[in-house]
Number of protein chains: 2
Amino acid sequence: MRDVASTAGVSLKTVSRVVNDEPGVRPETAARVQAAIKQLGFRRNDMARALRGGQLSRTLGLVIEDVSNPFYSAITRGVEEVMRERGLMLVAGSSDEEPERERELALLLCERRVEGLFIVPAGTDHRYLLPELRLGMIAVFIDRPPGCIEADTVLLDNVGGTRKGVEYLIEQGHRRIGMIGDDSAIFTERERARGFREALHAAGIPVDESIIRFGAHSTGAADEAARELLALPEPPTAVFTGNNRITIGALRALAATGRRIALVGFDDLELAEFLALPVTVITYDPADLGRRAAELLSRRLDGDNRPPQTVILPTNLVMRGFGEV
Amino acid sequence: MRDVASTAGVSLKTVSRVVNDEPGVRPETAARVQAAIKQLGFRRNDMARALRGGQLSRTLGLVIEDVSNPFYSAITRGVEEVMRERGLMLVAGSSDEEPERERELALLLCERRVEGLFIVPAGTDHRYLLPELRLGMIAVFIDRPPGCIEADTVLLDNVGGTRKGVEYLIEQGHRRIGMIGDDSAIFTERERARGFREALHAAGIPVDESIIRFGAHSTGAADEAARELLALPEPPTAVFTGNNRITIGALRALAATGRRIALVGFDDLELAEFLALPVTVITYDPADLGRRAAELLSRRLDGDNRPPQTVILPTNLVMRGFGEV
DNA sequence: TTGAAAGCGCTAACAT
DNA sequence: ATGTTAGCGCTTTCAA
């Protein structure tokens with residue numbers, strides 16, 4: 001910028017005025033400056049700008065489990081949609097479900113002076129954020145609540161969604177209903193397990209722990225769990241699967257064994273309508289998780305000081321005719 | 001940081017030393033500084049740090065069509081994997097296939113002094129980057145080549161992949177093969193169209209333009225195009241679909257009309273193995289596009305000065321037994 | 001309409 | 001082992 005100033009034969013401040021479209025520059029002076037800018041290929045340094053101008057990085061941070069998981073990238077998209085209007089950019093990182101990495105990323109983003117933080121928590125203790133929050137950092141949690149601190153949160157109706165799914169199976173006449181879930185360290189999974197049990201209790205059906213499996217964190221593990229259930233002397237006639245990876249694993253097990261039991265799963269499946277065994281699913285709009293979180297953050301940015309909010313997003317039961325016995 | 005220094009009763013530089021784990025500080029002094037840091041909730045300002053330290057933002061920029069499209073988020077993931085080792089973060093933005101927005105985003109990222117730029121181009125003229133490149137910015141293009149400039153590029157073997165797919169149909173005995181493609185303004189689509197024509201020529205089959213449709217940019221448009229082809233007095237016995245959205249549209253048309261023609265599509269489909277009408281596809285590893293691009297950028301960061309490289313990634317034909325007449 | 005000087009938070013180079 | 005000084009590139013006073 002100094003070079004531009006000397007090339008154009010004006011002062012630093014005049015260049016700054018031109019670059020930022022500030023008034024008070026004669027058109028001919030501005031033109032001379034513009035020429036110098038073009039000639040030197042000058043581009044304003046946003047970091048220096050932010051440094052002087054009160055630390056506004058015009059950036060938001062996002063810590064998610066895996067940027068390539070369609071569920072999470074839909075969240076990213078929702079956040080981006082809302083934030084684009086404010087001219088904010090998004091820095092994202094994958095925690096890979098490791099609490100330590102989540103912490104590192106979040107703190108790194110704070111060092112970068114992001115104006116706000118979206119976190120899909122991997123860990124269960126977020127006190128490490130307390131100093132930041134005290135200094136004005138804004139954090140919004142997505143899909144899972146924060147641990148040991150209070151903050152704005154957007155969740156799915158995991159319990160209600162699962163209840164709807166299991167109730168649907170019960171309506172179809174099933175009494176022996178199993179469940180395959182992810183690691184029960186994961187909040188959403190515990191909630192879904194709760195919904196599962198509640199639905200059975202409400203229908204007066206005893207919960208048989210022998211047809212419930214947790215810890216299926218991959219498609220392969222789910223496949224295996226499903227085979228175990230099928231191999232039981234008294235296998236379930238229906239199974240509720242806790243997320244889309246697990247549903248796929250169960251489908252694989254069914255395809256491989258040629259067995260056919262009723263299946264209802266949490267999360268929508270791409271192409272679900274074309275599957276050889278159409279599966280009923282609990283759906284929701286993942287981008288909406290991002291949008292709602294972005295709206296909460298947006299309000300905080302505008303000075304909203306109300307106590308932390310928790311938003312619960314509804315789910316839908318999409319029947320695809322594979323619930324019958 | 002000044003506050004920390006005065007609280008701990010030391011100089012600014014000593015605090016800096018402690019924060020950056022530089023040697024030459026007595027443990028007890030360091031402890032006093034640490035205490036002050038904790039007390040004040042101090043966190044190093046990365047922007048100021050970068051400003052002083054020669055503009056290293058430790059950040060890379062990524063401009064893609066849509067962060068929520070699984071194809072692109074896989075690219076993001078690939079880039080992230082490689083860059084994480086270098087401690088670099090990723091700022092991403094969606095161009096929504098608009099050249100103007102691509103330009104804005106790219107230039108904005110340059111203002112932020114990213115250390116490199118990954119671009120999935122929406123536009124066809126990238127001369128706007130020339131001043132940046134001259135000043136040392138590194139840009140790597142992904143999936144589509146840059147226009148009017150030279151730069152490192154990672155592409156898929158669109159022509160070869162399509163040829164393989166069409167040749168497979170020909171081997172199955174098809175002679176009347178149609179194609180449904182996306183907007184032919186898109187590079188990959190033109191390449192795939194070329195592969196399609198080449199395969200037919202090589203087999204001595206005349207190209208019948210009446211069973212070729214372009215411009216199917218959405219699943220709905222593809223559905224419609226497929227119905228048109230099926231309604232022809234002499235419909236094709238097989239169709240090559242130019243990408244996964246189009247394949248899905250064609251599947252929808254087939255499901256709705258109850259017709260059954262052979263289908264081979266570019267791009268893999270999630271759950272393809274479970275579809276009622278298993279479809280043969282041309283697959284590749286989208287994350288690999290990101291990884292290879294990141295490796296190219298990585299090398300440039302390390303001072304590699306060779307002329308721009310273009311890497312072409314291979315594709316595979318995955319037969320799923322729906323090629324027969 | 002334009003410019004000079006101060007300073008954002010930090011670190012590199014040079015004292016002490 | 002610690003402190004001082006200067007300056008990264010810009011914007012914000014305040015003055016001309």
Side-chain angles (χ1 to χ4, degrees), chain A residues 1-34 36-37 40-59 107-115 131-132 135-137, chain B residues 1-37 40-59 108-115 131-132 135-137:
Chain A
M1 180 142 155
R2 218 183 29 219
D3 296 341
V4 175
S6 66
T7 303
V10 296
S11 86
L12 220 53
K13 179 59 204 171
T14 303
V15 179
S16 172
R17 286 199 176 99
V18 172
V19 169
N20 296 299
D21 288 320
E22 281 173 43
V25 181
R26 239 186 321 169
E28 59 195 70
T29 315
R32 231 173 45 245
V33 173
Q34 290 290 10
I37 288 177
L40 274 65
F42 165 83
R43 183 152 330 269
R44 178 177 61 186
N45 184 330
D46 231 11
M47 294 192 306
R49 183 181 153 79
L51 187 56
R52 177 66 228 221
Q55 277 75 264
L56 292 175
S57 64
R58 314 293 300 151
T59 303
L107 257 19
L108 199 65
L109 290 165
C110 289
E111 283 190 0
R112 303 231 169 167
R113 295 298 186 269
V114 294
E115 298 186 24
E132 312 298 333
L135 265 57
M137 176 60 65
Chain B
M1 179 142 155
R2 216 182 32 218
D3 297 341
V4 175
S6 66
T7 303
V10 297
S11 86
L12 219 54
K13 180 60 203 173
T14 303
V15 178
S16 172
R17 286 199 176 97
V18 172
V19 170
N20 296 298
D21 289 321
E22 281 173 42
V25 181
R26 239 186 323 169
E28 58 196 72
T29 316
R32 231 172 45 246
V33 173
Q34 290 289 10
I37 288 177
L40 274 64
F42 165 84
R43 182 152 331 269
R44 178 177 62 186
N45 185 330
D46 230 13
M47 293 192 307
R49 185 181 154 78
L51 188 56
R52 176 66 234 223
Q55 279 74 261
L56 292 175
S57 64
R58 314 292 300 151
T59 303
L108 198 65
L109 290 164
C110 289
E111 282 191 0
R112 303 233 169 168
R113 295 298 188 269
V114 293
E115 298 186 25
E132 313 298 333
L135 265 57
M137 175 61 63

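Because only heavy atoms are used, hydrogens play no part in the values below, and waters and symmetry mates are left out as well, while side chains stay in. Naming convention: chains lettered A, B, ... in sequence-line order (proteins, then strands); numbering from 1 in each chain.
Between the P atom of D:dG9 and the CG atom of A:Asp46 lies a distance of 14 Å, rounded to the nearest Å. Separating the CZ atom of B:Arg43 from the C1' atom of C:dC10 is a distance of 16 Å, rounded to the nearest angstrom. Going from atom CD of A:Glu22 over to atom C1' of C:dT2 covers 12 Å, rounded to whole Å. One can place CG of B:Asn45 at 13 Å from C1' of D:dC8, the figure rounded to the nearest angstrom. Between the CZ atom of B:Arg113 and the C1' atom of D:dG9 there is a distance of 9 Å, given to the nearest Å. Here the P atom of nucleotide C:dC8 and the CE atom of B:Met1 are 13 Å apart, to the nearest Å. Atom CZ of B:Arg2 and atom C1' of C:dT11 are 16 Å apart (whole Å). For A:Met47 and C:dT11, the CE to P distance is 13 Å, given to the nearest whole Å.
Residues A:Met137 and A:Leu135 form no side-chain contact, since every pair of their non-hydrogen atoms from C-beta on lies 4.5 Å or further apart. Contact of the A:Arg32 side chain with the A:Val10 side chain is registered, since non-hydrogen atoms from C-beta on lie closer than 4.5 Å.
Within the structure, every side-chain polar atom (N or O) of A:Thr14 is placed at least 4.0 Å from both OP1 and OP2 of C:dT1. Residue B:Ser16 places at least one side-chain N or O closer than 4.0 Å to OP1 or OP2 of C:dT11. For the OP1/OP2 pair of C:dT11 and a distance below 4.0 Å, the side-chain nitrogens and oxygens of B:Arg49 include at least one atom meeting the criterion.
Contact detail for A:Met47 and A:Asn45: the closest heavy-atom pair is N-OD1, 2.8 Å. Closest non-hydrogen pair, A:Cys110 versus B:Arg43, comes out as CB-CD, 4.0 Å. Between B:Arg112 and A:Ser57, the shortest heavy-atom contact is NH1-O, 3.4 Å.
In the interface, the side chain of B:Arg17 is paired with the base of D:dG3 through a donor and an acceptor atom under 3.5 Å apart.
Residues satisfying the side-chain contact (heavy atoms from CB on, under 4.5 Å) criterion with A:Leu12, sequence neighbours excluded, are A:Met1, A:Arg2, A:Ala5.
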Could you run down the sub-3.5 Å N/O contacts of the protein with nucleotides 5-7 of chain C?
from	atom 1	to	atom 2	distance (Å)
C:dG7	N2	A:Arg52	NH1	3.1
C:dG7	N3	A:Arg52	NH1	2.8

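When heavy atoms are screened at a 4.0 angstrom cut-off, B:Val19 is found touching no nucleic acid atom at all.
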Legend entry - Check against side chain to side chain contact (heavy atoms under 4.5 Å, CB included), B:Arg44 and B:Asn20: CA-CA 9 Å; B:Arg44 178 177 62 186; B:Asn20 296 298; 2.7 Å; yes

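If you check D:dT4, C:dG3, C:dT1 against the side chain of B:Ser11, the one that comes closest is D:dT4.
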